[in-house]
Q: 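The structure that follows is given in the form of C-alpha cells.
Every chain is numbered from 1 and lettered A, B, ... according to where its sequence line falls, protein lines coming before strand lines.
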2 protein chains.
Amino acid sequence: MARVGLTTERLVLAGAELADEVGFDQVTVSELARRFDVKVASLYSHVKNSQDLKTRIALLALEELADRGAAALAGRAGKDALAALANVYRDYAREHPGRYAAAQFRLDPATAAASAGGRHAQMTRAILRGYALTEPDQTHAVRLLGSFFHGYVSLEMGGGFSHSAPDTQETWVRMLDALDALLRNWPASAAATAATTATAATTATTGAETGPASAH
Amino acid sequence: MARVGLTTERLVLAGAELADEVGFDQVTVSELARRFDVKVASLYSHVKNSQDLKTRIALLALEELADRGAAALAGRAGKDALAALANVYRDYAREHPGRYAAAQFRLDPATAAASAGGRHAQMTRAILRGYALTEPDQTHAVRLLGSFFHGYVSLEMGGGFSHSAPDTQETWVRMLDALDALLRNWPASAAATAATTATAATTATTGAETGPASAH
DNA sequence: GTAAATTGCCTAAAAATCTTAGGCAAATAT
DNA sequence: ATATTTGCCTAAGATTTTTAGGCAATTTAC
C-alpha cells in the first residue's frame, strides 16, 4: 500500500495547523489521520498518544514564539524592546491562535524544563536590563510582565475586550506606555522604605525567571 | 425504581466540585452520572448536553467570584480595595481551581452578556474611583488590571512561578504595590502631551468594561 | 382515596474517539 | 536477490456523547 511518508515532525506541524484552524482542544488524532488520508492507528507509530501529540505541538509553539521574540529583541532596548516582545506575543496569538493556546498547555515539570520556556524568561529579563531594577525587584517585574502579556493576550483573544470603545489597539499602546513608566519608576519596597522589619525583601536571588511554561 | 432527585442545580454543583477535583476539562457527563449512581442518559433531562453543563458551571463560578468580590470590596477604597479584589481572584483560584478554569470558559456572546461578567467589570471600575483617572484612561486601566489579575493567577496556578526565589507571596505584594503606584501616577498619553495629533485619544466612551467573560 | 397526568430514570442503540495487538507489504540494507 | 526493518493496515475493546422511546413513581385533580 502506498506510503504517505508520515513523520513525527510532519504530524506535529499538521497538528499545529489543525489547532490554528479548529482550536487546540479540538485537535484529535482521528482528525489528523483523516487529513493524511490514513488510518488512525497508523499515527501511533509516530506519536505515543493524544497527550504526546499535544505536548509536541506545545513545544513547537514555544520554540516558534521564542524564535520570534529573539529576532524582535535583537538590537533593541528599553521601551522599544518592551513593545517589541509584547507585540510578538500578541501578533503570534492572532496569527496562530491554536498554537498560542498550545503554548499554554500544561507540561509536566521535566518536559517544561527542557522546553523553550526558559528562553522566554530570559528574554523578559533581558528587557529589564534597560531599566534600573535590582533583585529581587527584577524578578517581581519579570513576573509582572509575564502575567500582563499572557493575561492581556488571552483576554483579547477570548473576546474579553470586544466591541467596546476605546479600541484595543489604543489600549495596547497606552498599556505599554504605562508599563514602561512603571518600570522606570518602580516603587521601593514598603519594608525597605520603613527599614525596620527583620524579614525584609533583600534576599538576593539567582535562578528566578518568567516566561511560558517555565518557572519564574 | 428509586429516584435520586436529580436537578439541574445539583448537577451543576456536583460538576463544579468534580471540576475542582479533576480539572474542568475532565468534567464529563459520564463521570457525573457515575457519581450520582445513575445512568448517563438520565442527565440529559436536566442538562441539554455536555457544553450546556460546562456553560452552567462557568456561570456558577462567575457568580461566586462576583459575590466574593462584592463582599471584599464593601467598605474599601484605593489600594485597599485593589488588593482585596486581587486577593479574591487569587484565593478563589487556589480554593477552586476547576471553577476558576470554568470561569474562563468561552461563552457565546448572548450567554456572556447575561452572565456575572458585567459585575466583574463594574467592580474593577469601582476600584478606579479611588484613583484620578478619566476616560479613556480609566478603560485602559480596567483592561490592564483585568489582564494582570487573570494573567498572574493563571500563571501561578499553572506552575509558571514554581519553586524559585523569591516566593510568590512576596511577588504578589510587591506587584500590588507597583500597580497602586502606577494607577496613582498614570502617565499622560503621548498624543495628549504632544497635543498635535488629530486622531488623539479624547473620544468619550460609555459602556467599556472589564472582567471575566464580559466585554471590556 | 382513587384516577389521570406528569415527570424521572431506565434500556437500547448509534456515532466518535482513543488505544493496543498483530499482520502484510514496501523500503532499505547486505 | 535475500534478509531486515519499518510503515501502514485490519481488528477489536473501552469510553464518551447523544437520541428515542418505555415504565414506574410522583404529583395533580376530582
Side-chain angles (χ1 to χ4, degrees), chain A residues 1-60 98-99 101-102 104-108 111, chain B residues 1-60 98-99 101-102 104-108 111:
Chain A
M1 303 247 153
R3 295 190 179 187
V4 189
L6 296 185
T7 308
T8 303
E9 269 193 28
R10 287 188 63 197
L11 287 179
V12 172
L13 205 59
E17 280 158 20
L18 178 57
D20 286 335
E21 289 173 35
V22 303
F24 181 61
D25 33 43
Q26 305 301 316
V27 170
T28 182
V29 242
S30 306
E31 178 59 31
L32 212 49
R34 230 170 274 129
R35 299 214 163 188
F36 280 96
D37 201 23
V38 143
K39 297 298 173 183
V40 193
S42 306
L43 303 202
Y44 282 79
S45 315
H46 306 278
V47 158
K48 252 212 351 269
N49 51 36
S50 187
Q51 159 116 351
D52 180 42
L53 171 65
K54 286 183 175 171
T55 298
R56 287 173 190 274
I57 297 174
L59 293 174
L60 171 71
R99 281 162 153 105
Q104 256 62 58
F105 188 61
R106 189 80 146 96
L107 304 173
D108 63 285
T111 312
Chain B
M1 307 243 152
R3 294 189 179 187
V4 189
L6 296 185
T7 308
T8 303
E9 269 191 28
R10 288 189 63 197
L11 286 179
V12 173
L13 206 58
E17 280 158 20
L18 177 58
D20 287 335
E21 289 173 36
V22 303
F24 181 61
D25 34 43
Q26 305 300 317
V27 171
T28 183
V29 238
S30 306
E31 178 58 32
L32 211 48
R34 230 169 275 131
R35 299 215 161 187
F36 279 96
D37 200 24
V38 143
K39 297 298 172 182
V40 193
S42 307
L43 302 202
Y44 282 80
S45 314
H46 306 278
V47 159
K48 249 206 2 264
N49 50 38
S50 187
Q51 158 116 351
D52 181 41
L53 171 66
K54 286 184 176 170
T55 298
R56 288 173 189 274
I57 296 174
L59 293 174
L60 171 71
R99 282 162 153 105
Q104 255 64 57
F105 187 61
R106 189 82 146 95
L107 303 173
D108 62 284
T111 311

Q: Roughly, in whole Å, what's the span from NZ in A:K39 to C1' in C:dT19?
A: 16 Å
Q: Between the main-chain N or O of B:Q51 and the side-chain N or O of B:T55, is there a donor-acceptor pair closer than 3.5 Å?
A: yes
Q: What is the distance, rounded to the nearest whole Å, between atom OH of B:Y44 and atom C1' of D:dG22?
A: 20 Å
Q: Rounding to an integer number of Å, can you tell me how far A:L6 CG sits from D:dT6 C1'?
A: 12 Å
Q: C:dT17 P sits how many Å from A:L53 CG, rounded?
A: 14 Å
Q: Can you tell me how far C1' of D:dG7 sits from CZ of A:F36, to the nearest Å?
A: 14 Å
Q: Please state whether the phosphate of D:dT16, meaning OP1 or OP2, lies under 4.0 angstrom from any side-chain nitrogen or oxygen of B:R34.
A: yes
Q: Among A:K48, A:K54, A:R56, find the residue that satisfies the salt bridge (charged side-chain N to carboxylate O under 4.0 Å, His left out) test when tested with A:D52.
A: A:R56
Q: What integer distance in Å separates A:K54:NZ from C:dT19:P?
A: 10 Å
Q: Considering only side-chain heavy atoms of A:S42, which listed nucleotide, C:dC9, D:dC9, C:dT17, is closest?
A: D:dC9
Q: Calculate the interatomic distance between A:H46 atom NE2 and D:dG7 atom C1'; express it in whole Å.
A: 6 Å
Q: Which whole-number value in Å describes the distance from B:L11 CG to D:dT17 P?
A: 13 Å
Q: Just to be sure I understand the rule, does B:V40 reach a base, reach only the sugar-phosphate, or reach nothing, if contact means heavy atoms closer than 4.0 Å?
A: base
Q: Below 3.5 Å, does any donor atom in the side chain of B:R3 face an acceptor in the base of C:dT7, or the other way round?
A: yes
Q: Given C:dC10, C:dT17, C:dT19, which nucleotide is nearest the side-chain atoms of A:T28?
A: C:dT17
Q: Looking at D:dC8, C:dT17, D:dT17, which one has an atom nearest to any side-chain atom of B:S50?
A: D:dT17
Q: Any non-hydrogen side-chain atom of A:V38 less than 4.5 Å from a side-chain atom of A:L6?
A: yes
Q: Given 3.5 Å as the limit, does a donor-acceptor pair link the side chain of A:R10 with the main chain of A:G5, or not?
A: yes
Q: Measuring from the side chain of A:A41 (C-beta onward, heavy atoms only), which nucleotide among D:dT16, C:dT20, C:dC10 has the closest atom?
A: C:dT20
Q: Would you check if A:L32 and A:L53 make a side-chain contact, meaning some heavy-atom pair closer than 4.5 Å?
A: yes
